[in-house]
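Naming: A, B, ... by sequence-line order, numbering from 1 per chain.
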Amino acid sequence: MKQKLEALILRAVETLKNDGVLAGDLSPNIILEHTRDPQHGDFASNLALMLAGPAQLKPRQMAEKIVAALPLESSVLRVEIAGPGFINFFMNPDSQYQIIKKIHEEGNCFGLSEVGAGQKVQVEFVSANPTGPLHVGHGRGATYGSVVADLLQAVGFEVHREYYVNDAGRQMDILAASIWLRYMEECGEVLPFPSNGYRGDYIREIADDIHNTSGNEYRRPVELVLEDLPPDEPLGGDKETHIDALIDRVKTLLGSAAYQDFFQIGLKTIIRDIKADLSEFGVTFQTWFSERMLMDNGAIGQALARLQESGYLYKKEGATWFASSRLGDEKDRVVVRDNGQSTYFASDIAYHMNKLDRGYDRIINVWGADHHGYIPRVRAAMQALGADESRLTVLLVQFAVLYRGEEKVQMSTRSGEFVTLRQLRNEVGKDAARFFYVMRRSEQHMDFDLKLATEKTNENPVYYVQYAYARVCSVLRQLDEKGLSRDSLLGMDSLEQLKETHELSLMGLLTRYPEVLQKAALNYEPHQLINFLRELATEFHTYYNAHQFLVEDTALRNARLNLITAVKQVLSNGLGLLKINTPEVM
RNA sequence: GCGCUUGUAGCUCAGCUGGAUAGAGCAUCGGCCUUCUAAGCCGAGGGUCGCAGGUUCGAGUCCUGCCAAGCGCGCCA
């Protein structure tokens with residue numbers, strides 16, 4: 001409908017060019033928008049306001065010329081010039097009715113499109129360190145990333161979802177050491193726990209499992225553990241120095257093989273937990289990409305070699321640096337430390353090279369907003385690798401600040417004082433959690449009030465939308481109870497009976513759904529879909545209160561039933577895309 | 001100090017990429033259930049769009065400068 005109008009306007013512009021009213025080289029960007037006010041018709045264009053300047057005419061005169069040049073078309077009822085020079089289009093209601101037929105024909109596919117044209121997109125999201133269960137902060141990135149991926153797929157992109165597992169590096173060593181220390185406690189030993197260690201209960205559970213299967217096999221004398229260790233922070237020392245020394249000690253005492261056992265068991269247990277957690281939350285991945293794999297298969301070396309070839313590496317103070325400042329970064333970055341170990345950034349360069357080599361047209365990283373300072377160096381790396389860095393899009397997700405009523409909830413992974421995603425799901429349910437997480441723009445700081453979300457009151461907007469769906473289902477059940485029949489074909493032939501304002505605006509909304517999907521997908525803005533569904537639910541509830549659907553008049557009844565089942569279909573499609581349930585009874 | 005993000009009704013947030021009288025939910029107040037589910041609907045009040053300039057037919061939206069909040073500025077990940 002919209003595209004048809006745009007074509008008409010384009011032809012009018014061509015006509016005016018031929019008539020010499022407009023310069024031939026002018027190629028105006030035709031903006032046609034749905035009106036907010038029905039008095040302004042169904043669509044409005046500001047074209048005359050844009051072209052008045054170049055054509056040296058007053059806006060309203062320009063508008064008159066455009067309207068005069070506009071080809072006649074039966075679906076356009078009339079055209080008006082209004083305000084400073086807007087052109088308002090009033091559509092023939094007959095054309096509106098088509099949307100109901102279209103929705104019934106296309107069913108679950110209504111709204112899907114091919115604007116993505118099969119382009120390959122990789123979306124990397126969550127990628128939380130596997131050092132503990134996901135907390136509510138990760139929940140937002142998980143929901144946002146998965147919905148963005150699903151939206152892109154819905155509009156015709158070929159999407160690959162990926163979780164980057166940071167299974168290398170110091171944090172993992174701290175995890176392994178933490179598990180072993182708890183294991184020692186399981187063996188009956190008493191020893192201090194480092195202030196920097198992971199304190200969560202899940203650490204004890206893992207240690208307990210190991211002790212149950214392996215007994216005291218990994219037990220070592222406490223004196224040897226503590227001998228000559230630099231003091232921890234509470235004792236006036238440095239916590240980082242302390243824990244690094246402790247890790248080295250654990251490695252020595254256990255030996256490399258046994259240490260790896262602890263490391264691997266910890267990693268596998270936590271990954272398994274995260275996977276299950278996300279899966280229950282409706283978030284799945286095609287690939288869990290291991291950072292260690294990049295180290296083991298030489299990918300990091302290859303990436304650094306490519307940077308070397310292009311002349312972006314140099315040595316300084318024993319370390320190897322990447323000259324990222326030559327490509328827009330604030331300063332140069334170390335890729336290989338003076339102790340010979342590559343940095344996390346080096347892994348990430350290799351990871352992005354891997355993504356590029358896999359041939360994605362578009363690479364999307366969903367990151368926590370605290371990582372924004374990291375973006376310029378990754379872009380620099382992509383350029384240095386000879387890639388078009390515009391293929392990379394980084395989407396930042398602000399943290400959700402948790403409240404319980406007025407009280408802010410403090411969180412720290414290491415101290416174990418955090419609300420897990422699983423706890424949140426148990427408290428408020430998957431539907432409400434997902435809905436809340438993507439209800440707001442991702443860059444917007446979000447206050448997540450646990451108390452409010454826990455109370456299952458009608459303040460929870462997800463119920464509002466689900467209730468609209470359940471109401472349609474309820475009407476259909478009533479049909480049987482009242483002994484009335486439904487004749488879908490008769491309804492389709494009687495659509496012109498739908499003349500009420502509520503009915504017309506409801507149809508107008510339904511028409512917009514495919515456009516909303518596209519816009520939400522291409523702008524990476526799931527909240528636009530949420531807003532649309534809320535609006536559709538509102539329109540429906542209003543209609544429900546204003547008119548009876550199950551009326552005696554067979555033609556009208558069936559026409560209305562076709563309309564509200566179309567609403568049901570679109571609610572189902574939208575909520576389905578968000579992986580939110582559509583209960584038939586509430 | 002530099003950089004990124006944010007600032008819209010009492011609170012939480014939209015605002016369709018520069019359009020017509022800035023919207024919604026919650027909260028407050030007043031109405032609507034013998035009729036398809038009241039987890040609903042109708043109505044009222046509530047605004048210096050952080051502040052000050054600028055760009056143009058037109059600015060919450062764009063540019064500049066301030067103010068405030070959050071985050072980031074490691075040979076951590």
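Lacking a ring centre under 5.5 Å from that of the base six-membered ring together with a plane angle below 30°, A/Phe86 does not count as stacked on B/G19. Residue A/His371 and nucleotide B/G72 are not classified as a stacked aromatic pair, given the requirement of ring centres less than 5.5 Å apart at an interplanar angle below 30°.
Nearest nucleotide to the side chain of A/Glu291, out of B/G19, B/C36, B/A77: B/A77. Of the candidates B/U17, B/G19, B/A39, the closest approach to any side-chain atom of A/Asn523 belongs to B/U17. Comparing B/A77, B/C41, B/G19 against the side chain of A/Thr538 picks out B/C41 as the nearest. The A/Phe549 side chain lies nearest to B/C36 when the options are B/A77, B/C36, B/G19. Of the candidates B/C75, B/C76, B/C36, B/C76 carries the atom nearest the A/Arg170 side chain, counting heavy atoms from C-beta on. Side-chain atoms of A/Tyr374 lie closest to B/A77 of the nucleotides B/A77, B/G15, B/A20. You'll find that the side chain of A/Tyr544 is closest to B/C36, out of B/A77, B/C36, B/G19. Relative to the side chain of A/Arg471, the nucleotides B/G40, B/A39, B/C75 differ in distance, and B/G40 lies closest. In this structure, of B/A77, B/C36, B/G40, it is B/A77 that holds the atom nearest to the side chain of A/Arg337. Among the nucleotides B/U35, B/A20, B/G72, the one closest to any side-chain atom of A/Asp370 is B/G72.
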Full working for ring pair (Phe, Tyr, Trp, His ring centres under 6.0 Å) between A/Tyr437 and A/Tyr144: CA-CA 7 Å; A/Tyr437 273 134; A/Tyr144 177 71; over 10 Å; no
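Annotation: A/His34 is in aromatic contact with A/Phe43 [ring centroid separation under 6.0 Å].
Contact annotation for A/Glu535: no contact, since no heavy-atom pair falls under 4.0 Å across all strands. Among the heavy atoms of the strands lying under 4.0 Å from A/Gln548 is at least one base atom, whether or not backbone atoms are also near. A/Ala82 comes within 4.0 angstrom of a nucleotide base, judged by non-hydrogen atoms across all strands. No engagement by A/Val335 is indicated, since no non-hydrogen atom pair under 4.0 Å with the nucleic acid exists. Counting any heavy atom pair closer than 4.0 Å across all strands shown, A/Ala168 reaches sugar-phosphate atoms only and no base atom. Note on A/Ala470: a base of the nucleic acid sits closer than 4.0 angstrom, heavy atoms only. Within 4.0 Å of A/His502, counting heavy atoms only, lies no atom of the nucleic acid at all. As judged by a 4.0 angstrom heavy-atom cut-off over every strand, A/Asn531 is placed among residues touching the sugar-phosphate backbone only.
Side chains of A/Gln518 and A/Tyr513: a donor-acceptor N/O pair is absent below 3.5 angstrom, by distance only.
In terms of modelled atom types and a separation under 3.5 Å, the side chain of A/Asn88 and the main chain of A/Glu80 share no donor-acceptor contact.
Phosphate contact (OP1/OP2 of B/A20, side-chain N/O of A/Thr35, threshold under 4.0 Å): absent. Here A/Arg534 does not reach the OP1 or OP2 of B/A14: none of its side-chain N or O atoms lies under 4.0 Å away. Put simply, A/Arg440 has no side-chain N or O that comes within less than 4.0 Å of OP1 or OP2 on B/U12. In this structure, A/His527 reaches the B/G15 phosphate: one of its side-chain N or O atoms is under 4.0 Å from OP1 or OP2. For A/Gln444, no side-chain nitrogen or oxygen approaches OP1 or OP2 of B/U12 to under 4.0 Å.
Salt-bridge check for A/Asp244 with A/Arg170: passed, with a basic side-chain N closer than 4.0 Å to an acidic carboxylate O. Using a cut-off of 4.0 Å between Lys/Arg side-chain N and Asp/Glu carboxylate O, A/Glu162 and A/Lys355 are scored as not salt-bridged.
Remark: A/Arg534 pairs with no residue by the salt bridge (Lys or Arg N to Asp or Glu O under 4.0 Å) rule, at least two apart or across chains.
Residue A/Glu330 contributes atom CD, which lies 6 Å from atom C1' of B/C73 at whole-angstrom precision. At whole-Å resolution of the value, NZ in A/Lys331 and P in B/C73 are 9 Å apart. Atom pair A/Phe289:CZ and B/A77:C1' shows a separation of 17 Å (rounding to whole Å applied). The interatomic distance linking A/Tyr464 (OH) with B/G40 (C1') rounds to 8 Å, in whole Å.
Stem analysis of RNA chain B (at least three stacked-register Watson-Crick or G-U pairs, each with both distances under 3.5 Å) gives B:1-7 with B:67-73, B:10-13 with B:23-26, B:28-32 with B:40-44, B:50-54 with B:62-66.
Atom OH of A/Tyr164 is separated from atom CG of A/Asn129 by 10.0 Å, given to the nearest 0.5 angstrom.
Using a 4.5 Å cut-off on side-chain heavy atoms (C-beta onward), A/Phe436 and A/Pro461 make contact.
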